[in-house]
Amino acid sequence: MSEPTASVRLYHYQRLIGQWPTRFHLRVDPDGRGLLLANAAEAAYLSPVGVQMACGVLEGRSDAAIKQDIKLSFRGVADTEIETDLGQVHQLIADLSAPGDNYPITNLNDPRASEWSREMVAPFRADVVPGEPDTTKQILQRLWEAGVPHVTIVAQPYGKAAQLPRMVEAAGDLGMITGLRAVASWLSPQMIEDAGMAGLDHLDLLYVSNSPPAHDDIAGQGDYERVMDAFAQCEEIELCPVAQIPLIKSNNEQLEEIMGALQEQGIANLVFFALACPDDDQQAQAAGALPAQALPQVATVMTEAAEDTQARYLWAPPVRFDNSKSLAQQVRAGPRTAGDIAVRVEADGRVFAPRGRDCAGNLLAESWEDIWNHECFTRYRQRLQAPTRCSDCPDLEICAADCPKDPRGWSDDTQGGEDQ
């Protein structure tokens with residue numbers, strides 16, 4: 001069990017439930033309350049008593065020893081109450097466990113039923129752009145100390161791919177669940193194998209279309225063959241494959257075929273992100289972006305197709321189309337974060353919320369408390385707490401965190417900002 005040095009304590013455990021190993025992270029806040037996560041996918045809040053019980057269970061201590069500790073720490077608690085609470089903790093840990101091939105997906109289903117934006121002192125996940133190895137390792141250490149249990153390394157087209165397994169190993173050494181996001185042709189088979197050996201948990205690869213020419217037109221010549229080979233390699237080395245699917249003008253009418261093809265390949269974990277533009281941005285629409293008004297209908301088709309194929313899927317916040325860049329550049333770059341309970345950290349340490357435009361600070365120069373309490377995260381949490389449902393699409397999960405038709409709720413990295 002490793003422990004960060006900050007006031008937030010993060011503990012990492014691995015526990016065999018049946019034949020599948022489950023990775024638990026227990027994050028304990030300064031007030032003694034905690035958050036228990038299984039495979040960085042399912043989470044439950046714990047009281048101080050629950051924290052102590054969960055820690056004991058995950059460390060493999062006997063029920064008798066745990067009960068004795070509880071009596072010493074919490075005076076006056078009845079034996080029957082301790083017995084009941086400990087039984088509930090055992091059941092909770094069993095319920096949180098999931099088969100080992102489940103992709104560690106964390107997303108915000110409905111902010112009205114979630115207290116994460118009010119209670120959490122750090123996100124579940126960080127998407128990190130790698131830079132110099134020593135700097136990236138420092139960023140990973142700072143994230144662990146802040147209480148972030150899951151990191152995804154965001155590979156770059158001209159980055160040093162040979163260094164990626166070292167980054168994976170550095171995150172794993174801290175106890176983090178670790179993913180890698182890339183375009184398949186950026187990675188050699190040997191690099192994927194080396195990353196798997198270094199402890200990689202999931203590999204997220206861009207998948208534009210089940211038509212090789214249409215896919216290669218965006219991802220690059222020959223990439224369709226590479227992504228198929230990479231998915232097959234994931235199965236061989238027992239690495240979880242994830243298809244990251246852009247929603248753009250050229251493929252939005254083929255979503256059912258795309259998801260059916262992935263199902264045939266055994267790819268059950270999907271991430272969707274839309275390249276979107278305001279309804280009056282004719283230049284972006286001509287380039288292939290989806291207008292804001294089209295997003296709910298595209299989301300409806302995608303959701304129904306996912307249910308038919310029994311896929312596990314996650315909505316990444318829509319990305320505002322940047323007219324200074326090509327469609328292919330922006331599709332290959334992917335979303336800012338794969339989900340709403342996440343942050344983006346650039347190679348130089350700058351931190352961004354999943355949605356909006358402003359930088360929240362620099363992880364290498366500022367404390368996590370200052371970054372988390374920055375105005376841009378405050379505004380972001382306020383938007384999440386405000387109801388965004390409407391009568392037009394009351395049940396769509398894409399609407400849970402923000403209205404997809406409102407550009408203020410998109411990831412915005414455009415050169416000119418919102419006035420572009």
Side-chain angles (χ1 to χ4, degrees), residues 2 4 6 8-14 22-29 33-46 51 54 58 92-93 95-98 102-111 113-128 139-154 171-172 174-181 201-202 204 240 242 244 269 271 273 312-317 335-345 351-355 360 363 368-369 371-372 377 380-381 384-385 397 400-402 411:
S2 53
V8 176
R9 292 168 290 154
L10 185 60
Y11 302 102
H12 174 228
Y13 306 90
Q14 185 160 306
T22 298
R23 296 176 67 181
F24 288 93
H25 288 83
L26 178 61
R27 187 164 66 196
V28 185
D29 293 341
R33 297 181 181 181
L35 188 70
L36 180 63
L37 300 100
N39 289 337
E42 300 291 339
Y45 289 102
L46 297 174
V51 166
L58 292 171
L92 173 65
I93 291 173
D95 290 343
L96 287 176
S97 301
N102 275 358
Y103 168 54
I105 286 181
T106 301
N107 202 10
L108 188 65
N109 291 325
D110 193 330
S114 171
E115 297 184 350
W116 87 271
S117 57
R118 183 171 60 256
E119 297 284 350
M120 286 180 62
V121 294
F124 288 172
R125 169 175 169 164
D127 291 72
V128 177
I139 288 173
L140 294 174
Q141 180 68 43
R142 292 294 306 277
L143 288 168
W144 176 259
E145 292 173 351
V148 178
H150 179 188
V151 66
T152 295
I153 306 298
V154 183
L174 290 169
M176 289 177 155
I177 286 179
T178 309
L180 175 63
R181 186 271 174 193
D201 293 294
H202 60 92
D204 301 20
C240 181
V242 181
Q244 196 172 77
N269 299 296
V271 174
F273 70 100
R312 294 184 291 270
Y313 67 93
L314 180 150
W315 275 111
R336 180 186 290 174
T337 63
D340 272 296
I341 308 182
V343 294
R344 172 78 166 219
V345 184
V351 179
F352 293 85
R355 301 170 185 260
L363 196 62
W368 176 253
E369 183 179 5
I371 292 172
W372 191 238
F377 271 117
Y380 175 63
R381 289 192 290 268
L384 289 180
Q385 290 171 351
E397 287 190 23
D402 222 321
S411 300

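Along the sequence shown, the residues carry numbers beginning at 1. Everything numeric in this text was worked out from a predicted model, so none of it was measured. In what follows, every heavy atom counts, from backbone to side chain, and hydrogens, waters and symmetry copies are set aside.
Minimum interatomic distance between Pro354 and Ser411 (heavy atoms only, all atoms of both residues): O-OG, 2.5 Å. Summarising the geometry of Gly34 relative to Val51, their closest heavy-atom pair is N-CG2, 3.4 Å, with the distance given to 0.1 Å. Nearest heavy-atom pair across Pro149 and Gly147 is CD-O, 3.4 Å. When all heavy atoms are compared, the tightest approach of Phe377 to Trp372 is CB-O, 3.4 Å. Closest heavy-atom contact between Ala171 and Leu140: N-CD1, 3.9 Å. Residues Gly172 and Thr178 share a closest heavy-atom pair of N-OG1, 3.9 Å.
The shortest side-chain heavy-atom distance between Phe24 and Gln14 does not fall under the 4.5 Å cut-off. For the pair His202 and His150, the minimum side-chain heavy-atom distance is below 4.5 Å. The shortest distance between side-chain heavy atoms of Leu46 and Leu26 falls below 4.5 Å. Looking at Val351 and Arg344, their side chains never come closer than 4.5 Å, going by heavy atoms from C-beta outward. In this structure, the side chains of Gln244 and Phe273 come closer than 4.5 Å at one or more pairs of heavy atoms. Residues Phe352 and Thr337 have side chains not in contact (no heavy-atom distance under 4.5 Å, counting atoms from C-beta outward).
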What verdict does the side-chain contact (heavy atoms from CB on, under 4.5 Å) test give for Val128 and Val154, after you've listed the backbone C-alpha separation in whole Å, the side-chain angles of each residue and the deciding distance to 0.1 Å? CA-CA 6 Å; Val128 177; Val154 183; 6.0 Å; no

Before you tell me yes or no, could you show the steps for Arg355 and Asp340 under side-chain contact (heavy atoms from CB on, under 4.5 Å), namely the whole-Å CA-CA distance, both residues' side-chain angles and the distance that decides it to 0.1 Å? CA-CA 8 Å; Arg355 301 170 185 260; Asp340 272 296; 2.8 Å; yes

Apply the test side-chain contact (heavy atoms from CB on, under 4.5 Å) to residues Leu58 and Leu36: give CA-CA distance (whole Å), side-chain angles for both, the deciding distance (0.1 Å), then the verdict. CA-CA 11 Å; Leu58 292 171; Leu36 180 63; 3.8 Å; yes

As a quick check of understanding, evaluate side-chain contact (heavy atoms from CB on, under 4.5 Å) for Val345 and Asp127, giving each step before the final call. CA-CA 6 Å; Val345 184; Asp127 291 72; over 6 Å; no

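Note: Tyr11 OH to Arg27 CZ = 13.5 Å, rounded to the nearest 0.5 Å. Here Leu363 contributes atom CG and Trp368 contributes atom CH2; the two are 7.0 Å apart, rounded to the nearest 0.5 Å. Of the inter-residue distances, the one linking His12 atom NE2 with Leu37 atom CG reads 11.5 Å to the nearest 0.5 angstrom. The CH2 atom of Trp144 sits 7.0 Å away from the CE atom of Met176 when rounded to the nearest 0.5 Å.
Side-chain atoms of Asn269 and Arg312 include a donor-acceptor pair closer than 3.5 Å.
For the pairing with Arg125, the side chain to side chain contact (heavy atoms under 4.5 Å, CB included) check across Thr152, Val151, Ile341, Leu143 returns one residue only, Thr152.
Looking at Asp29 and Arg9, no side-chain N of the basic residue comes within less than 4.0 Å of a carboxylate O on the acidic one, giving no salt bridge.
Ring orientation note: the planes of Tyr313 and Trp315 are nearly perpendicular, at an angle over 60° on the 30°/60° scale.
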